[in-house]
Amino acid sequence: MRHLLNPLDLSMDELDNILNLANDIKENPTKYAHKCDGKRLATLFYEPSTRTRLSFESAMLNLGGTVIGFSSAENSSASKGESVADTIRVVSCYADICAMRHPKEGAPKVASMFSGIPVINAGDGGHQHPTQTLTDLFTIRTLKGHTDNMTIGLCGDLKFGRTVHSLIESLVRYENVKFVLISPPELRVPSYIRDEVLKGFEFKEVTNLDDVLPELDILYMTRVQKERFFNEEDYIRMKDCYILTKEKMDLAKDDMLVLHPLPRVNEISVEVDNDPRAAYFKQVQFGVYVRMALILTLLGLAPEKI
Amino acid sequence: MRHLLNPLDLSMDELDNILNLANDIKENPTKYAHKCDGKRLATLFYEPSTRTRLSFESAMLNLGGTVIGFSSAENSSASKGESVADTIRVVSCYADICAMRHPKEGAPKVASMFSGIPVINAGDGGHQHPTQTLTDLFTIRTLKGHTDNMTIGLCGDLKFGRTVHSLIESLVRYENVKFVLISPPELRVPSYIRDEVLKGFEFKEVTNLDDVLPELDILYMTRVQKERFFNEEDYIRMKDCYILTKEKMDLAKDDMLVLHPLPRVNEISVEVDNDPRAAYFKQVQFGVYVRMALILTLLGLAPEKI
Amino acid sequence: MRHLLNPLDLSMDELDNILNLANDIKENPTKYAHKCDGKRLATLFYEPSTRTRLSFESAMLNLGGTVIGFSSAENSSASKGESVADTIRVVSCYADICAMRHPKEGAPKVASMFSGIPVINAGDGGHQHPTQTLTDLFTIRTLKGHTDNMTIGLCGDLKFGRTVHSLIESLVRYENVKFVLISPPELRVPSYIRDEVLKGFEFKEVTNLDDVLPELDILYMTRVQKERFFNEEDYIRMKDCYILTKEKMDLAKDDMLVLHPLPRVNEISVEVDNDPRAAYFKQVQFGVYVRMALILTLLGLAPEKI
């Protein structure tokens, strides 16, 4: 039995297969409309995340399966002191696969050790959110045509943003990807990313988005939360740097893609939404295909060859 | 693409078609059991409303479709600061149609401007609740045989009750409907209803239900909330006026209908429930047929002619 | 129309039929995969209980039916002051059968009096939880091969544990069942159990689990909540008595079964989980079969003879 806890759990071949399958689903959705008839997904969300939960539920329903679950910890047995290990053993009696969101890092890993069904990590604290990473890779691949030979800018809160860390760890597996890390000094990537993950790869750290925009093929935006700053002054001085506007978009290449894991607050102006380079809502749609492909794969229902 | 934000968005022809379709569904439910196979409804409830949410979900499931959604704002991305505009763009990737309940007036309108799918207003603050109005009209039409030539009494809190305002605005479109507005002085209909909507129509405002009961063909009850009164004395003096009892029912015509949008607290005695003129629970059942007809219509799946 | 409010509502014949049907479902699940096509279960959970709610939902989905509902009172119309009687009349318009969990004893009984659909009590306060009892009986019958001629130990909080009271009331209906009641003095079974239900049956009350373990065929564990004790000292002195460990299991028969209604906190060490005598997770699976059998029976869809 396979789980997906970390995007790096997948070999490059497995990853390719999932992304190929996601593409086939995108092209031929009706072909997959009954692949999971009689199968059931449990969505175990110990903290709310509408977008991710509904994406998983849509994925399973698109495949003909059914869904059960809970959307916050108050509605779960956790409030009665039940361990994740016990909950997953119980849920294994009710469903064929589960997606777990948990505020504690490692909870899905613990679940996988006691589970009778495949466990998908749907986000564990600041740790991992592998289906977001697969979605990011699929979006880049689909809209750019390739995942190698490009310069990607990651902008905003690079210290606490788990999607950024996962994406970097995954992109170093491809050929000739250059990284431009754009953040306030307080919110630089953690040292293990800089010193280990990116060791030997081409990257630079900058504080100003405008300066580097012209060289980017992809701009991956994330939110800069006010409460992450050390002081109010710094926040006021820097916050506009990290808001993507129409004017800033004029500095970018004609085929640069803008990605964002969402939800967005104000770090991308709504006026950018209609720019053909804005890809963050397409990303949402692609996330459903990726989750469909993943569910089929972990249930052993993916075709051998696509 | 059509939305339903306000009952008056519908022309009289469109309204008739929906009510005719609701009637055909009522008569032949199995005929419609698979009309929405493969379609999905999203219920986006930013404030809880079990009755309305479950009515929409039942409607979609009765049609063979599937449902995703959330039942309160805490479980939604709104708590992370996401705008309604962004949420609806995301949900457009997951579902084919949505029903939105929101405490802020106009939120479903905003959603409709950014949506890729039809939006049904399932109640926005004190503003509109169009599927309740369609249900009220369908109930009157079905149980009375017509929606014109009648005297309707609206009783209780006529100031804040959005269902009352919508119903008045809709009923003035039919021939020869007389209105009797029964409320404490503090809770009279707003002046725009009195001076604009009802201008040129036959209506009167009274404070005593008993006096007018004998002339009514329909009695539409609503709740009088204690906190709406200016002072405790007024409340104590008046509250019993607006409680429908068995004794009061003795004053009414043999074929008068009692409607109520529910939930009821104590404004209709439970002893009235078994009176054949009590139609408020039939109204609930009819609400499902109306929502089925609406979903089919907005998805473009309604038959041309019924 | 039948409801299930109390396990004793069922005659021994009816109970046998349900357990026989549960067994046939266990052996031939696919035979039942479409028995409830077009039917709908409403899960009305006025207090959260993930395990029970998901078990009911799984049961209905396994039968091909659909599910609507709410998972806590805040998301229900109860917060607007609606009575249980009104809610069930409304839900009767949306679903074909319902499972109700309510913190107030007797609420499902009230619901059944006004309901247009069968009501299953899914736990009402400290009162009854009949599907847990049916599950316990089915687990014993399936794993032991019989429900008579045995010695059952019930251990922990015997005063407030409703599952314990129900199970005793049900087991006295079988031949030659001996009861060993193991609890701190403060948490003995209520006097009506001792003086009425168990009158004329063989039973003893003890405070020490170790002493009686060797004679048990079944050990039914429940949690001893700290707040139930009169004082901290008593709690500290006694709590370890009621924690089932690997060492304690060495004292038990080779074919003794350990049951637990779950959720467990620490009253069974996790090291016991892998003991072949630990049956509490099998119990969860069996609970789904029992609920499937019950739904079919109350909907009138059970086969005459299995």
Side-chain angles (χ1 to χ4, degrees), chain A residues 26 29-30 32-34 41 43 45-67 69-75 101 135 223 225-226 260-270 273-274 278 280-292, chain B residues 34 36-48 50 53 56-57 60-61 63-102 107 110-117 119:
Chain A
K26 174 175 171 289
T30 55
Y32 294 88
H34 293 285
L41 168 73
T43 49
F45 276 59
Y46 289 85
E47 71 180 0
S49 174
T50 315
R51 177 187 327 288
T52 304
R53 181 173 60 83
L54 296 187
S55 182
F56 272 109
E57 295 186 6
S58 292
M60 191 46 148
L61 293 170
N62 285 348
L63 293 165
T66 56
V67 176
F70 52 85
S71 57
S72 67
E74 306 93 75
N75 296 348
R101 175 85 150 215
T135 299
R223 182 148 68 107
Q225 291 174 274
K226 191 174 170 177
H260 191 298
L262 303 183
R264 144 184 73 176
V265 180
N266 68 344
E267 58 278 15
I268 302 178
S269 295
V270 292
D273 295 353
N274 294 320
Y280 31 94
F281 290 117
K282 283 190 198 117
Q283 226 175 329
V284 175
Q285 180 66 67
F286 290 175
V288 179
Y289 303 136
V290 163
R291 291 181 177 97
M292 292 169 74
Chain B
H34 293 286
C36 284
D37 279 5
K39 298 290 178 188
R40 187 163 311 136
L41 168 73
T43 49
L44 310 179
F45 276 59
Y46 289 86
E47 71 180 2
T50 315
R53 181 172 61 82
F56 271 109
E57 296 187 3
M60 191 45 148
L61 294 170
L63 293 165
T66 55
V67 177
I68 58 171
F70 52 85
S71 58
S72 68
E74 306 92 76
N75 295 348
S76 82
S77 297
S79 60
K80 297 182 191 165
E82 187 174 65
S83 68
V84 163
D86 276 17
T87 298
I88 195 69
R89 276 186 282 211
V90 167
V91 170
S92 298
C93 299
Y94 300 158
D96 301 290
I97 186 166
C98 91
M100 177 182 286
R101 176 85 151 214
H102 203 289
V110 171
S112 73
M113 292 163 59
F114 295 93
S115 182
I117 58 175
V119 174

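Letters go in sequence order (proteins before strands), and every chain restarts at 1. In this text, all values refer to a predicted model and were calculated from it rather than measured experimentally. Note: hydrogens, waters and symmetry copies are ignored here, and every other heavy atom, side chains too, is used.
A:Ser58 places a side-chain heavy atom less than 4.5 Å from the side chain of B:Ile68.
Qualifying ring pair (Phe, Tyr, Trp, His ring centres under 6.0 Å) partners for A:Phe286, counting only residues two or more places apart in sequence or in other chains: A:Phe138. Listed by chain and number, the residues in a side chain to side chain donor-acceptor pair (under 3.5 Å) with A:Asn62 are B:Arg40 (sequence neighbours excluded).
Contact count versus chain B (heavy atoms, under 4.5 Å) is highest, among A:Thr30, A:Asn266, A:Asp273, A:Leu262, for A:Asp273.
If you take OG1 on B:Thr87 and CG on A:Leu54, they are separated by 10.0 Å, rounding to the nearest 0.5 Å. In this structure, OG in B:Ser92 is found 9.5 Å from CD in A:Gln285, a value given to the nearest 0.5 Å.
Looking at every heavy atom in both residues, B:Cys93 comes nearest to A:Val288 through O-CG2, 4.2 Å. Residue A:Leu61 comes nearest to B:Val67 through the heavy atom pair CD1-O, 3.9 Å, listed as atom of the first residue, atom of the second, then distance.
A donor-acceptor distance shorter than 3.5 angstrom exists from the side chain of A:Arg53 to the backbone of B:Gly69, with no hydrogens or angles considered. No side-chain donor-acceptor contact under 3.5 Å links B:Tyr94 to the backbone of A:Val284.
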